[in-house]
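Only one structure is covered here, and it is reproduced in the block below.
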Amino acid sequence: MAKLKIKPLADRVLVEPMAAETKTASGIIIPDTAKEKPQKGKVVAVGPGTKDESMTVSVGDTVLYGKYSGTELKLEGNDYLMMRESDILAIV
Amino acid sequence: MAKLKIKPLADRVLVEPMAAETKTASGIIIPDTAKEKPQKGKVVAVGPGTKDESMTVSVGDTVLYGKYSGTELKLEGNDYLMMRESDILAIV
Amino acid sequence: MAKLKIKPLADRVLVEPMAAETKTASGIIIPDTAKEKPQKGKVVAVGPGTKDESMTVSVGDTVLYGKYSGTELKLEGNDYLMMRESDILAIV
Amino acid sequence: MAKLKIKPLADRVLVEPMAAETKTASGIIIPDTAKEKPQKGKVVAVGPGTKDESMTVSVGDTVLYGKYSGTELKLEGNDYLMMRESDILAIV
Amino acid sequence: MAKLKIKPLADRVLVEPMAAETKTASGIIIPDTAKEKPQKGKVVAVGPGTKDESMTVSVGDTVLYGKYSGTELKLEGNDYLMMRESDILAIV
Amino acid sequence: MAKLKIKPLADRVLVEPMAAETKTASGIIIPDTAKEKPQKGKVVAVGPGTKDESMTVSVGDTVLYGKYSGTELKLEGNDYLMMRESDILAIV
Amino acid sequence: MAKLKIKPLADRVLVEPMAAETKTASGIIIPDTAKEKPQKGKVVAVGPGTKDESMTVSVGDTVLYGKYSGTELKLEGNDYLMMRESDILAIV
């Protein structure tokens, strides 16, 4: 993951979605169309926060987020999600 | 229930739903499709709260919550619900 | 009504709905399907209130509430409604 | 109108709707189904107000309110409307 | 316009709609069904304002308001509109 | 543009829409039905502002506004738009 | 890009969308109808901010914004987007 020259505004966080699991816990390979959209990702850029909210997550954190959170963004050929910190459920 | 390495953000609470009752009060066994979605669960992780709200529930509390509260989350093979503390109705 | 071991959160109130009248004022017996959903109930548990609102109702009060207020909850075989104090119209 | 033993909560007002006019200004009798729902009523109980709003109407005031304001309530055989003071348009 | 014994609550204003023009600027008489709903009216009663807003319009002002503003009210045989001052666009 | 005797309330601005261009940049005449609704106009009257907002635009400013902003108003035979200052995008 | 004589109001930002890529990363030319609406643009004018928010972006910044952000505006033959700063996701 190369360093991106991007500065999210306000309380926004840029997240790189992690690949969905392609095997179930019991080792069965999931065919591509059955894969759930990933809900786990790595934080790659964090905004400065707002007057009302300072930021909790940091670059490098692995985070969980809701299935439909964020705006899809393509940067240098990769897909990212830009979301507000309030869309992030937890750090794992 | 193994300890999960997860830190919910803000006022979020991670709840492990309890299995729905499989017998009615009068002892009749409920077939699987008739089981109500569980509304009772155990708190497994609690966020730090927000500037405006400190948290009331603690890890280990048994809580009641509305039928459609929270976001489903699969962690290490188990199903959890991530919800805001305001979605929790009561501690029992 | 046995004492319930339940602590409603924030400004929530647990109400036990009272049985609907089964006779009209003129003494006509109402068949079961025509009974209106009860709108009167007894308060059985009260939350601690919030930072912004202290609670007005107390355990034991008979209260009136809107027809569709609250979340239905089954506790030890009985039906209750968990609602916010703001859903309660009046003490009678 | 017997005194009702009812205490509206917060900024609520209990209003007894007045019978709709059964004659038009020109003296024509309106058949029952054509009568407009009353929009005028008498205040029969007033809540204590809220931290943010003290109450303006008093018991005994005749008030005007919007056609669909309030929740219908039957008390001791009579129909009332429980509404917030903000639903009341004017004192007449 | 006889004086009405009515006290609007809060920031409400009672407006008597003015009759719509029955001739176009070029003198063509508009048949009744084509007349636009009036948007001009005379203020006949003004509430005391709220803690947050004092009132700007006064009784006797001619005001403009949006086509669908206010609640229709019949008082002593005349039609009025009860609206909030924020529904009034301008004094003309 | 004769001076209008109109006082917009609060943060309202009365705008006289400018005629849409009838020629494209390349000189092609646009038939009437294809003309876009104008988005540029001249400010003809400005309200006093509110307790929270003082006004930025002044009478005589040429302003840009969104296609569906404001309420149409006919005054002395001309069409105007009454809008809130927050509907104005820019001064040009 | 000639200097535009335009003053955005409040927290508004005028953005000149950048042309969408006409080749994919692997060099394939994208036919015109398949091009995504651009999401990258250059800031050409910035409002003064509001009492609650000062502005973060400056004229000349390259910014990312959501696909459906802003109001389209044609100025001197060019297409621009007028948006609020809160619609801007990041500076790149």
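Keep in mind that what you see is a predicted model, and the values were worked out from it rather than measured. Each chain gets a letter, A, B and so on, in the order its sequence line appears, and its residues count up from 1.
- Nearest heavy atom pair, residue Leu9(E) against residue Glu85(D), reads CD2-CG, 3.9 Å.
- Residue Leu14(E) holds its CG atom at 9.5 Å from CG of Leu89(D), rounded to the nearest 0.5 Å.
- Pairing each heavy atom of Ala90(D) with each of Pro8(E), the nearest pair is CB-CA, 3.7 Å.
- Only the side chain of Val57(D) comes within less than 4.5 Å of a heavy atom in chain E; its backbone stays farther off.
- In this structure, the side chains of Thr71(E) and Leu64(D) stay at 4.5 Å or more apart for every pair of heavy atoms.
- Distance CD/Gln39(D) to CD/Glu72(E): 9.5 Å, rounded to 0.5 Å.
- In this structure a side-chain-to-backbone donor-acceptor pair under 3.5 Å is present from Lys51(E) to Asp52(D).
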